[in-house]
Amino acid sequence: MAFAWKAAGITYNRYLAVASRTVRRSLKEGPRLQAERRGEMDLRFAKWQNGKQGDLKNLGEANEAAAAQQAKTE
């Protein structure tokens with residue numbers, strides 16, 4: 001199966017996040033700590049309407065909220 005992440009129902013970005021976290025956790029202590037620090041990021045986004053920027057939102061929190069909402073509807 002070439003695209004197992006599609007069959008699992010997750011996005012490619014989520015698949016990459018899970019795979020990279022797995023690789024980081026498999027490293028020895030020193031390199032693992034360095035890799036975990038590189039893996040941390042804080043992404044924010046804002047929706048634009050009528051030429052005006054909306055409120056900034058944390059991407060991780062927005063994804064968790066969307067996943068929770070989708071789980072409720074299923």
Side-chain angles (χ1 to χ4, degrees):
M1 180 182 297
F3 300 113
W5 55 270
K6 279 187 180 180
I10 61 174
T11 65
Y12 185 67
N13 283 338
R14 185 70 186 142
Y15 162 75
L16 287 178
V18 170
S20 62
R21 186 174 56 232
T22 302
V23 170
R24 281 189 212 106
R25 288 181 178 173
S26 70
L27 297 172
K28 291 183 180 180
E29 186 69 21
R32 181 180 56 80
L33 293 175
Q34 291 174 346
E36 285 179 354
R37 278 189 225 114
R38 280 194 311 268
E40 293 176 5
M41 62 180 115
D42 186 27
L43 297 175
R44 297 184 182 273
F45 72 97
K47 290 188 179 183
W48 288 72
Q49 292 180 341
N50 300 324
K52 294 185 181 180
Q53 181 179 353
D55 295 332
L56 286 173
K57 296 181 182 178
N58 184 306
L59 185 62
E61 292 171 3
N63 282 342
E64 289 174 8
Q69 182 64 28
Q70 185 178 8
K72 284 183 181 179
T73 60
E74 291 181 354

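Here the structure is a predicted model, which is why all the values come from computation and not from measurement. The chain is numbered in sequence order, starting from 1. Below, each value reflects all heavy atoms present in this structure, side chains not excepted, and no hydrogens, waters or symmetry copies.
Within 6.0 Å of CD in Gln53 there are more than 12 heavy atoms belonging to other residues, nucleotides or ligands. Counting heavy-atom neighbours within 6.0 Å of Arg21 CZ, excluding the residue itself, gives a total above 12.
Between Val18 and Thr22, the shortest heavy-atom contact is O-OG1, 2.8 Å. When all heavy atoms of Ala17 and Ser20 are compared, the closest pair comes out as O-OG, 3.1 Å. When every heavy atom of Ser26 is checked against every heavy atom of Val23, the shortest pair comes out as OG-O, 2.7 Å. Gly54 and Ala46 get closest at one heavy-atom pair: O-CB, 3.7 Å.
Listed by chain and residue number, Arg32 satisfy the salt bridge (charged side-chain N to carboxylate O under 4.0 Å, His left out) test with Glu29 (two or more places apart in sequence, or in another chain).
Atoms CG and CG, on Leu59 and Asn13 in that order, are 9.0 Å from each other to the nearest 0.5 Å. Note that CD of Gln34 is 13.0 Å distant from CZ of Arg24, once rounded to the nearest 0.5 Å.
Residues Phe3 and Tyr15 share a single hydrophobic cluster, defined by chaining ILVMFWY side chains whose heavy atoms lie under 4.5 Å apart. The cluster map of Ile, Leu, Val, Met, Phe, Trp and Tyr, joined by side-chain heavy atoms under 4.5 Å apart, puts Leu16 and Ile10 in the same cluster.
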